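Note: hydrogens, waters and symmetry copies are ignored here, and every other heavy atom, side chains too, is used. Just so you know, these numbers come straight off a predicted model, no measurement behind them. In what follows, chains carry the letters A, B, and so on, assigned in the order in which the sequence lines appear, proteins first and then strands, with residues in each chain numbered from 1.
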2 protein chains.
Amino acid sequence: MSTETSASQQIFVTVALNAWEQWVSRAGKVFESLSDEQMFTEIVPGKNRPIYLLGHLLVVNDALIAQLRLGEPDHSNLRDTFITQPDRAVAELPPIAELREAWKTTHARLTSLFQQLTPEQWLERHSTISEEDFVKEPHRNRLALLASRTSHAAYHLGQLQLLKK
Amino acid sequence: MSTETSASQQIFVTVALNAWEQWVSRAGKVFESLSDEQMFTEIVPGKNRPIYLLGHLLVVNDALIAQLRLGEPDHSNLRDTFITQPDRAVAELPPIAELREAWKTTHARLTSLFQQLTPEQWLERHSTISEEDFVKEPHRNRLALLASRTSHAAYHLGQLQLLKK
């Protein structure tokens with residue numbers, strides 16, 4: 001592969017990684033800025049509270065570690081509380097401070113793992129598609145999963161912003 | 001450039017285009033599904049109404065045509081109403097049916113324009129960065145702008161979903 005081509009492939013990856021960092025960092029800042037009372041206030045009556053969205057985004061993003069075949073996630077024990085079950089189904093939530101700290105640690109780990117992948121590795125399959133299907137659908141690769149999780153973070157960030165005065 | 005490399009570059013573009021189509025199509029379906037009454041109901045008191053978000057996403061996405069240097073946008077005349085001014089600042093909005101029709105036409109045009117770009121062209125600069133700056137920041141390309149608009153659509157879709165019972 002020529003140096004020029006390799007450089008252009010790296011740019012495609014940089015675009016996706018920059019988008020990821022930007023949206024995740026925006027969401028992280030909102031979670032930092034909300035008071036404890038706001039963290040437990042439903043954005044719309046009957047809908048999710050920010051504390052749930054914090055845990056939800058944390059656990060969904062953490063799950064990328066296994067889905068991208070990069071290792072064991074940190075927070076599989078919270079899947080039931082923040083993915084399988086809806087908000088308010090589980091009475092006992094982890095303390096806000098613990099979730100905020102986990103947010104930082106896990107996203108720092110993700111950033112570090114992402115930086116180790118080459119452009120070619122980003123085009124490899126993720127773990128939720130079989131090798132057989134991947135031959136037919138090569139766009140269902142690691143980068144596609146990252147892009148999907150980036151917009152998923154934006155989706156919930158839009159909801160959180162409705163709490164702003 | 002080898003055929004193999006060119007194919008892998010096309011996959012990077014396909015990932016971004018699939019994500020765009022997916023989120024825009026999800027937003028379009030929500031706008032189709034809301035009643036006229038819901039279209040004029042604030043999602044949260046004092047915040048945007050779906051009619052405004054429909055116009056806002058339409059005009060922001062339409063503006064991509066000029067920002068990606070692909071031609072003249074269809075709806076520059078609506079920029080003031082749906083971008084410069086916040087919701088409820090402009091009393092007279094276009095009819096819902098007209099906005100829904102414009103959504104379909106403009107997004108079909110965008111899809112068609114996007115399909116004409118090669119991977120190399122997606123890595124060219126967009127119109128809001130100077131040629132001088134682009135030399136230093138080659139990741140600020142057309143594809144980055146598309147990815148940003150994709151997550152922007154997801155951001156507002158998240159808000160719209162709060163109207164669901």
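With a 4.5 Å cut-off on side-chain heavy atoms, B:Gln9 and A:Ser8 count as touching.
A parallel orientation is assigned to the rings of B:Phe12 and A:Phe12, their planes being inclined by less than 30° (bins at 30° and 60°).
Looking at B:Lys47, its side chain does come within 3.5 Å of a backbone N or O of A:Lys164 through a donor-acceptor pair. Remark: the backbone N or O of B:Gln159 is not paired with any side-chain donor or acceptor of A:Gln159 at under 3.5 angstrom.
Comparing A:Val13, A:Asn48, A:Ile11 by how many heavy-atom pairs each has under 4.5 Å with chain B, the most go to A:Ile11. Ranked by non-hydrogen atom pairs under 4.5 Å with chain A, the options B:Leu123, B:Ile43, B:Thr14 are led by B:Leu123.
Contact of A:His156 with chain B is not made at all, since no heavy-atom distance falls under 4.5 Å. For B:Asn141, the part sitting under 4.5 Å from any heavy atom of chain A is the side chain, from C-beta outward, and nothing else. Contacts of B:Pro45 with chain A are absent, with no heavy-atom separation under 4.5 Å from either backbone or side chain. At a 4.5 Å heavy-atom cutoff, B:Leu160 makes no contact with chain A through either its backbone or its side chain. With a threshold of 4.5 angstrom between heavy atoms, B:Gln161 approaches chain A through its backbone and through its side chain. Residue contact with chain B, scored on non-hydrogen atoms closer than 4.5 Å, involves the backbone of A:Ser148 exclusively. Looking at A:Leu143, the atoms closer than 4.5 Å to chain B (heavy atoms on both sides) sit in the backbone and in the side chain alike. At a 4.5 Å heavy-atom cutoff, A:Leu163 makes no contact with chain B through either its backbone or its side chain. For a residue to count as touching a neighbouring chain, one of its non-hydrogen atoms must lie under 4.5 Å from one of that chain's; by this rule B:Leu162 touches chain A with backbone and side chain alike.
Linking ILVMFWY side-chain heavy atoms closer than 4.5 Å, directly or via other members, places A:Leu157 and A:Val60 in a single hydrophobic cluster. There is a path of hydrophobic side-chain contacts, each under 4.5 Å, that joins B:Val44 to A:Tyr52. Under the 4.5 Å side-chain heavy-atom criterion for Ile, Leu, Val, Met, Phe, Trp and Tyr, A:Val59 and A:Val30 are members of the same hydrophobic cluster. Under the 4.5 Å side-chain heavy-atom criterion for ILVMFWY residues, a single connected hydrophobic cluster contains both B:Ile65 and B:Leu117. No single ILVMFWY cluster, assembled from side-chain heavy atoms under 4.5 Å apart, contains both B:Leu146 and B:Ile129.
The closest side-chain donor-acceptor pair between B:Thr150 and A:Ser151, if any, does not fall under 3.5 angstrom.
B:Asn18 contributes atom CG, which lies 9.5 Å from atom CD of A:Glu137 (distance to the nearest 0.5 angstrom).
Heavy-atom minimum distance, A:His152 versus B:Trp23: N-CZ2, 4.1 Å. Considering all non-hydrogen atoms of both residues, B:Ala144 and A:Val15 come closest at CA-CG1, 3.6 Å.
Taking a 6.0 Å sphere around CZ of A:Arg79, one finds it holds 12 or fewer heavy atoms contributed by other residues, nucleotides or ligands. A:Gln116 CD: more than 12 foreign heavy atoms inside a 6.0 Å radius.
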